Amino acid sequence: MLKMTEEESQRARPGAGSERVRSVSFSKLLSKKSWTKRSTSNSKEIQAPVPVPMVSGMGKEDQQNNDKTAGRFSKLRSMFHNSAGTLDYEHPSDSHNKSRYVSPMTPVGTTKPSPVSSLNNPTGTGKQKTLQNPGHVHIEKHYHPYSTEDPKMAMSPSGFDVDEAGSKRSSSKSVIVGNNTLQDYDNYTGVEGKNRTYFKTSNSSSPGFGRDKLPQQTDQQDDFNNAAALFEHLSVNQNNGSTPGSFEQRTPSNMSLNGIKENEELDQFYNATDLADRPHSSFSGRAQVNTVSLGDTSTSNMGSHENLQPFPSIIVGIDGDDSPPPSEPRQFPSREIHSAYTSNNSTGSATPSPNIPSSAGTPLSLDKAQTLGTPKRKLVRAASEPESATGNFGNRSTSASLPKSHYFIEPKRSQRLRNKSFGNKFEDVKVGPQSFEKIRMLGQGDVGKVFLVREKETNRLYALKVFTKREMIKRKKVQRILTEQEILATSNHPFVVTLYHSFQTEDYVYLCMEYCMGGEFFRALQTRKAKSISEDDARFYASEVTAALEYLHLLGFIYRDLKPENILLHKSGHIMLSDFDLSVQANDAAKPVKRVATQSSMVDTKVFSEGFRTNSFVGTEEYIAPEVIRGNGHTAAVDWWTLGILIYEMLFGCTPFKGENTNETFCNILKNEVTFPEHHEISRHCKDLIRKLLSKNESKRLGSKMGAADIKRHPFFKKVQWSFLRNQDPPLIPKLTDDGFDFATYPSGKDKNKDRDTAVAVRERDMFEEEVENEEGLPSDDPFCDFSSMSLMQTDNSSLIYGDNNSYGKISYTPNANRSRSNSHRGFFTKRG
Ligand SMILES: Nc1ncnc2c1ncn2[C@@H]1O[C@H](COP(=O)(O)OP(=O)(O)OP(=O)(O)O)[C@@H](O)[C@H]1O
């Protein structure tokens, strides 16, 4: 298992060093194993419906929306507060910047944890701190039994999904998934959760936030207990008249056409928990969920919230990640391979064990990927298979050393992707894991580890994102990877990270992308005074982001997770959007209505997702749009909302609606109008833009008429030369710091006789050499059969070269002295004249 020390974690990212707590994207939390083991359930009481008070200043519509929201929250809470184990939380690092981000709560201790005790006993001492309810706005005030008046809500899986565990951002709430139980009760029911991590934050980048601190689950029964206990505490209205069948119903908006059945996990949970056998057997899908005890009878007075935390530490998202189990098992790429597997399966069973380790540990040493472990399943190349099936990736010399007995999945380009518009941009894959040498870890997100690698043959640097298949299957993230691959492969834009190769082995899936040596824009912001930048600089980044979103919308993609953490900085200082696993393709949008923008250069991007609504709960707490919280479905307009938040954060160093906890943040998002700090004056146009982007009514929001064209026409961007964005000088230029690592100069091997930094560097490299125990096979129906192994036909590869002295290591951001006089249309021509 790859573990990083705090120091190493710090160093794992360019620019590391500034304290940061990353924010977590909500749906990514879904699949996290965060449910704590339920010991005994003592919180069975079902509370009477709580009246929903009107909040002053609310109109009827607001109240209705709040009611819906409350219903969602209530369900979440009821799903969460259902056990009475013990759980303490430890702030991962007291050194985190708490003024901006509340440190995530991480459970500590080895006992079967439950958030409940800490919720009810919020006065932890010493290191073990319990969740504090700051006593601000409580969404519980608006809780009410699920209303059947709103059939959409009654059906909407969104009604179940919110909570928090401290996200990366804001409480940096490493918002943890509450519904991993859901995943455990899907077609992999019975999965043994070996070394399962609860409250596994996806925040490797937060020092002291390490996964190794988290309690581990080793009891296979826990999954069942979790779900059972969870279910027992779901208070359901037995008289709501709906039927279990209604739970199956799904509005078309629930299902994105890129195959992500947004709310699958939830359904699977209820299916899997065997509703009929449960105490509340009349539970009917999105049935009414009354308020539920938080595990302590003393909390039964729902009007008293002093000790309650409505979203204690779990986000129960709605954003199912995967398709349902295929009705017919899908075959491996080659039937011959598949049959070879089944006949060679050392278990002697044609059906592999459903046991899937919660984590397969460290991604393979790239050099050893083809030889590690002793897999129970070997893909034996059938005589008819082309040579490529044995891992001979073209005529690259690196592939020549591949042993015949390897475990590569047949490198193939899936027909699905071949038929796409970008199909002829790619060719059969030319590389494999053995083609690369790891240099260091760049970051670890929720679903993948990203490594800086050097391609041995070309000496070029890439960012290689590695996913563990078993983990992805277990957490139902397969479709997310396919989506990410598809979006990356489809895109060809200067502000969207380039995908060069994608390939897979038996155990891992790899996306080889352009390396953005500037790291996350978030880091760059953190290094600025007051963590903010000038209005002019903000305009620069906002315009590049707008251009990138415009492009994505044109392709029919809704990005859905804009935040500084997902904006990477190219070596040049220009932005690159990355991390598309929350994106969705609106390809079931209504037929575009032709509209002509008033300016010829303005394209109506809204038409490409016209009529498309999706209902998942995705995003990052402080960036989530009101309509997402309300659960009424959302459109591409969510991206314009997030742009508004981003601009605000760039200018003021904080987001506009951040509360003390998720609950309060969501209340603020729904209720508060954006306000601007007085001490920091910004222009009238800038305020106007932010206000219009942060319109709570999505149909009135800037961008809702013609998409990006609306934004580009706003006076704030008046001077922006949209066609020349790439030629403008960026405000900040990433530079390797003097004390940054230059791996090229470090000796290879296990030379420990080095100074401290060198030792860290060598250790980092060494630990990638660890072998992964290959305990289990994968299911015989290959969920990754749609993953396309392919390489970009490179005509112009602008990837950085290894050894290029400033291409990797510890980064600082230097203000660009040329910028003030360079970013005008005239300046562009003068400069190059
Ligand atoms: N192309 C790249 N160049 C440089 N660094 C990168 C690149 N891609 C990813 N990273 C780093 O790796 C981190 C994790 O990557 P990414 O966000 O894509 O993974 P994820 O599992 O989807 O994470 P998240 O939970 O943030 O969505 C990023 O935050 C960034 O710091």
Side-chain angles (χ1 to χ4, degrees), residues 9-16 20-32 104 167-169 172-177 200-206 209 315 317 319 321 363 439-453 460-468 471-472 475 477 480-481 483-485 487-488 491 495-501 509-524 526 559-571 574-583 618-621 623 734 798-800 807-809 811:
S9 299
Q10 283 270 13
R11 291 178 182 281
R13 290 164 178 272
R20 71 167 336 220
V21 180
R22 298 184 69 223
S23 52
V24 159
S25 311
F26 271 54
S27 81
K28 296 184 180 173
L29 314 172
L30 289 180
S31 317
K32 287 280 186 184
S167 65
K168 290 181 192 173
R169 168 178 298 278
S172 166
K173 299 173 184 205
S174 243
V175 188
I176 299 180
V177 187
K200 186 173 169 188
T201 67
S202 50
N203 190 353
S204 67
S205 60
S206 293
F209 206 86
I315 288 293
D319 192 20
D321 284 297
I439 295 176
R440 70 181 307 172
M441 184 189 276
L442 289 170
Q444 181 173 343
D446 178 62
V447 294
K449 287 177 179 163
V450 183
F451 297 98
L452 173 61
V453 296
R460 287 192 183 279
L461 292 167
Y462 295 100
L464 190 64
K465 195 164 177 177
V466 186
F467 306 92
T468 309
E471 180 86 1
M472 295 303 101
R475 292 174 48 198
K477 297 280 183 188
R480 294 275 170 216
I481 297 172
T483 301
E484 183 158 17
Q485 181 192 33
I487 295 177
L488 284 170
S491 304
F495 304 142
V496 176
V497 76
T498 306
L499 177 73
Y500 283 97
H501 311 278
V509 169
Y510 302 83
L511 295 177
C512 180
M513 301 170 289
E514 178 167 6
Y515 167 50
C516 302
M517 65 83 75
E520 297 172 11
F521 177 53
F522 181 86
R523 284 255 175 229
Q526 296 283 298
Y559 184 45
R560 306 204 292 187
D561 200 18
L562 183 67
K563 56 181 174 180
E565 291 89 334
N566 284 343
I567 299 171
L568 301 179
L569 290 183
H570 186 263
K571 182 175 184 245
H574 288 277
I575 67 132
M576 300 218 120
L577 281 196
S578 75
D579 199 2
F580 294 93
D581 59 345
L582 287 195
S583 304
V618 293
T620 296
E621 184 181 312
Y623 275 75
S798 57
S799 303
L800 300 175
S807 53
Y808 41 85
I811 305 297

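This structure is a prediction, so every number in the text was calculated from the model and none was measured. Residue numbers run from 1 in the order of the sequence given. Just so you know, ligand 1 is whichever comes first in the structure, and atom 1 is the first atom listed for that ligand. All heavy atoms count here, side chains included; hydrogens, waters and symmetry mates do not.
Contact annotation: for A463 versus ligand 1, heavy atoms closer than 4.0 Å belong to the side chain alone. Contacts between D581 and ligand 1, counted as non-hydrogen atom pairs separated by less than 4.0 Å, involve the side chain only. By the criterion of a heavy-atom distance under 4.0 Å, the side chain of L568, and not its backbone, is placed next to ligand 1. Contacts between E514 and ligand 1, counted as non-hydrogen atom pairs separated by less than 4.0 Å, involve the backbone only.
Below 3.5 Å of separation, one finds an N or O of K465 facing an N or O of ligand 1. Residue-to-ligand polar distances keep S578 apart from ligand 1: every N/O pair is separated by 3.5 Å or more.
Contact of the Y462 side chain with the M513 side chain is not registered, since no non-hydrogen atoms from C-beta on lie closer than 4.5 Å. No side-chain heavy atom of D581 sits less than 4.5 Å from a side-chain heavy atom of I481. With contacts defined as side-chain heavy-atom distances shorter than 4.5 Å, the pair L488/F580 qualifies. By the 4.5 Å heavy-atom criterion applied to side chains, L577 and L562 are counted as neighbours.
For F467, the ring pair (Phe, Tyr, Trp, His ring centres under 6.0 Å) criterion is met by no residue, not counting sequence neighbours. Residues that satisfy the side chain to side chain donor-acceptor pair (under 3.5 Å) test with T498, not counting sequence neighbours, are E514.
Put simply, no part of G519 is less than 4.0 Å from ligand 1, judged by heavy atoms.
Evaluated by nearest non-hydrogen atom to atom 28 (C) of ligand 1, the leading choice among M517, E520, R480, M441 is E520. By heavy-atom distance, the residue among V497, V450, L442, I567 lying nearest atom 9 (C) of ligand 1 is V450.
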>> Working note: K465 + E484, criterion salt bridge (charged side-chain N to carboxylate O under 4.0 Å, His left out); need CA distance, chi angles, decisive distance, verdict.
In response: CA-CA 11 Å; K465 195 164 177 177; E484 183 158 17; 3.0 Å; yes
